[in-house]
Visitor: 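Before anything else, here's the structure in question.
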Amino acid sequence: MALQFHNTLTRRVEPFAPLDPDGRIVKIYTCGPTVYNHAHIGNFRAYVFEDLLQRHLEYRGFTVERVMNLTDVDDKTIRGAREKGVPLADFTAPFKEAFFQDLETLRIKPARAFPCATDAEHVARMIAMIEKLVAGNHAYQAEDKSVYFRIASFSDYGRLAHLNLEELRPSGRIHSDEYEKESVGDFALWKAHDEADGDVKWESPWGPGRPGWHIECSAMATALLGNRLDIHCGGVDNIFPHHEAEIAQTECCTGEKFVNFWMHCAHLMVDGRKMAKSFGNFYTLRDLIDKGWRGREVRYVLLSAHYRLPLNFTFDGLAGARSALQRLDEWRRRLAELASAPGTGEPFPAGDEDKFGAALDDDLNVSAALGSLFDLVRETNRAMDGGELSPARVRGLLDYWERINSILRLEEESSEIPAEIAALLEERNAARAAKDWARSDVLRDELLARGWVAKDTKEGTKLTRSIT
RNA sequence: GGCGGGGUAGCCAAGUGGUAAGGCCGGGCUCUGCAAAAGCCCUAUGCGUCGGUUCGAUUCCGACCCUCGCCUCCA
């Protein structure tokens, strides 16, 4: 099956082909976090989905150029800095650093660039774009000195979200100052400085102020990737208004179609309901790590359901992920032992029977892909039990695992056995050889206390790290 | 009110106009000094409800119920 993805613009699954005339480079822009706190696992669902997308494209031979922005100026960051009494940059810096650590914990491949909204060159570009929009009659300065995009000037506005602008119902999120706009749907490109912003301001042709949220993505995406993108990702809640606004601004500036494929992932829920601090079901990645869960376990949970379906996150699910991963670990370890003798691998899968890759080609059907992997695990375990797997075949299977793991990145943490642990193991082996079971059991407990599980198998005792 | 996701075993979750992948849990077996671990095997006459089309519907059509979300700075 040819590679195909769901496109929010058309609400259809469409064959994917990059803009690159050589068909090699894929340009992706992904909306990143607002750094006013630690990102929560719902945020990371989107980033893990984007990671899966990138890695699968790479599996298929594309070179992915991906950019992810960091929003480091907005109402929330300004408020946070004020409450703490520190400059904005000092307030956001630790959250930026934490975010990068979290990406690493979840084994998310870093983007090629992580531009920040406050980067001088990007602020300059935002201002330049706004000037162009004003000159082109797509934007205007209102009485409150802010500059707004005139949605009436862009006939496609509402196309991505499939919203009929006449039927929009006012919500509580509209601020009182917005009646200064020509239309209630007009959104801010440049926000005039006010008291609450403190010293957070940039000079502009419209007076001091700061960029609106939407324009930052348009400026940074076009600056780093060009006027046209292959794919733009985000959570479904970004469809409207954020991505709608991005299309309007960017296309009015460039006169070109901004994005070919819009891909949005559904929300994460926790225990069957929206994650919210008031429900007591709000978790950052750090909360889970502190509870003893591993990054790859969280990654597995976030990865294992299709990205366009709501994902219900539970601790039962996390425990299930742990068990499933151990099954994969054990399988890989068995293969590795059987493959230890040198030799040539027998290519696997034979021909084009790559069910795993084929499933992902179909709009990242990761559930089907994992299903095929576990089928393979069971079949080959059975063959290994019966001693029917040749070393060459085993090496081929290991090679296949390496390839699909370049997408999944679910391998176990490498665990070198420390000398003292090895010494305890030696001692226990001696006790067992002497059939001194009491001593053997004491040493097993000792190993366990130090975080290692001893398993006596017919090939001898094996050590693995205990969980938590 | 408008727009859009979902409802498949105890839990999570693929999928198809022809009789339900996979994972977790549970049960059985094997291995084993014991234990643990691991491996194998088993586990939905059923796919929200009610109608319709069809030789045949979980799949297509219609109505309805439930649930989650978006509707102007939430991934």
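Everything quoted here is computed from the prediction, not taken from an experiment. Note on naming: letters A, B, ... go to the chains in the order of the sequence lines (proteins, then strands), and numbering restarts at 1 for each one.
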Visitor: Over all strands shown, is Asn381(A) touching base, sugar-phosphate only, or nothing at heavy-atom distances under 4.0 angstrom?
Guide: sugar-phosphate

Visitor: Quick one: Leu360(A) CG to G15(B) P, roughly how many Å, whole number?
Guide: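 Result: 12 Å.
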
Visitor: Please measure how far the C1' atom in U59(B) lies from the corresponding atom in C74(B), and state the result in whole Å.
Guide: 35 Å

Visitor: The side chain of Phe240(A) is closest to which nucleotide in this list: A14(B), G33(B), C71(B)?
Guide: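 Per side-chain heavy atoms of Phe240(A), the pick is C71(B).
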
Visitor: Nearest to the Arg378(A) side chain among A21(B), G5(B), C41(B), which nucleotide is it?
Guide: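 Nucleotide nearest to Arg378(A)'s side chain: C41(B).
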
Visitor: Using whole Å, what does the distance between atom P of nucleotide C12(B) and atom CG of Leu268(A) come to?
Guide: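 Nearest whole value for this atom pair: 14 Å.
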
Visitor: Considering only C25(B), U72(B), A38(B), which nucleotide approaches the side chain of Ser323(A) most closely?
Guide: C25(B)

Visitor: Measuring only the C1' atom in each nucleotide, how far is A9(B) from A14(B)? A whole number of Å is fine.
Guide: 14 Å

Visitor: Compare the minimum distances between each of G69(B), G6(B), C3(B) and the side chain of His162(A), then state the nucleotide with the smallest one.
Guide: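 Side chain of His162(A) sits closest to C3(B).
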
Visitor: Heavy atoms under 4.0 Å, any strand shown: does Lys435(A) hit a base, just sugar-phosphate, or nothing?
Guide: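 Contact class for Lys435(A): none.
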
Visitor: Mind checking the C1' distance from G26(B) to U19(B)? Whole angstroms is fine.
Guide: 27 Å

Visitor: Heavy atoms from C-beta onward define the side chain here; which of C24(B), C34(B), A21(B) lies closest to that of Arg327(A)?
Guide: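 It is C24(B).
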
Visitor: So with a 6.0 Å cut-off around CD of Gln101(A), is the heavy-atom count from everything else above 12?
Guide: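 Check passes, neighbour count above 12.
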
Visitor: For A14(B) and Asn365(A) - does any side-chain N or O of the residue sit under 4.0 Å from the phosphate oxygens OP1/OP2?
Guide: no

Visitor: Quick one: His267(A) NE2 to C68(B) C1', roughly how many Å, whole number?
Guide: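 After rounding, the reported distance stands at 10 Å.
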
Visitor: For His264(A), answer base if it contacts any base atom (sugar-phosphate contacts may also be present), sugar-phosphate if it contacts only those atoms, and nothing otherwise; contact means non-hydrogen atoms under 4.0 Å.
Guide: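 No contact at all - His264(A) keeps every heavy atom at 4.0 Å or more from the nucleic acid.
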
Visitor: Look at the side chain of Ser367(A) and decide which nucleotide, out of A21(B), G39(B), C24(B), has an atom nearest to it.
Guide: A21(B)

Visitor: Between C24(B), U72(B), G5(B), which nucleotide has the shortest distance from any of its atoms to the side chain of Tyr157(A)?
Guide: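 Between C24(B), U72(B), G5(B), the one nearest the side chain of Tyr157(A) would be U72(B).
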
Visitor: C34(B) base to Arg444(A) side chain: any donor-acceptor pair below 3.5 Å?
Guide: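 Answer is yes: a donor-acceptor pair is held.
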
Visitor: Under a plain distance cut-off of 3.5 Å, with no hydrogens placed, do Asp375(A) and Ser372(A) share a side-chain donor-acceptor pair?
Guide: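 Per modelled atom types, Ser372(A) and Asp375(A) side chains form no pair under 3.5 Å.
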
Visitor: Checking contacts here: which listed nucleotide (G6(B), G33(B), C70(B)) is nearest the side-chain heavy atoms of Leu309(A)?
Guide: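 Taking heavy atoms from C-beta onward, the closest nucleotide is G6(B).
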
Visitor: So, for Tyr29(A) and Phe258(A), is the gap between ring centers shorter than 6.0 Å?
Guide: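 No, the ring centres sit 6.0 Å or more apart.
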
Visitor: Assess the side chains of Asp75(A) and Tyr36(A): does a donor N or O sit below 3.5 Å from an acceptor N or O?
Guide: no

Visitor: Could you tell me the separation between the CZ atom of Phe282(A) and the P atom of C74(B), rounded to a whole number of Å?
Guide: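 Atom-to-atom, Phe282(A) to C74(B), this comes out as 13 Å.
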
Visitor: Return the value, rounded to whole Å, for the distance between atom OH of Tyr307(A) and atom P of A14(B).
Guide: 13 Å

Visitor: Check whether the side chains of His264(A) and Asp237(A) place a donor and an acceptor atom closer than 3.5 Å, and report yes or no.
Guide: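 Short answer, no.
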
Visitor: I need a per-nucleotide contact map over nucleotides 26-32 of chain B, read 5' to 3'. Cutoff is protein heavy atoms under 4.0 Å; write B for the base, S for backbone only, - otherwise.
Guide: -------

Visitor: Over how many whole Å does the gap from His242(A) atom NE2 to C74(B) atom P extend?
Guide: 10 Å

Visitor: Rounded to the Å, how far apart are Glu379(A) CD and G39(B) P?
Guide: 15 Å

Visitor: Polar pairs (N or O, both sides) under 3.5 Å between protein and nucleotides 8-11 of chain B?
Guide:
none

Visitor: Could you give the CG-to-P distance, from Asp375(A) to A14(B), as a whole number of Å?
Guide: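 Atom CG in Asp375(A) sits about 16 Å away from atom P in A14(B).
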
Visitor: Is the gap between the ring centers of Tyr283(A) and His40(A) under 6.0 Å?
Guide: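 Not under 6.0 Å, so no.
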
Visitor: So which nucleotide from A13(B), G4(B), G33(B) ends up closest to the side chain of Asp441(A)?
Guide: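 The answer is G33(B), which lies nearest to the side chain.
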
Visitor: Looking for any heavy atom pair under 4.0 Å, which part of the strands does Ser372(A) touch: base, sugar-phosphate only, or nothing?
Guide: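 The residue Ser372(A) makes no contact with any strand.
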
Visitor: In the structure shown, which nucleotide is the Watson-Crick or G-U wobble counterpart of A63(B), with both distances under 3.5 Å?
Guide: U49(B)

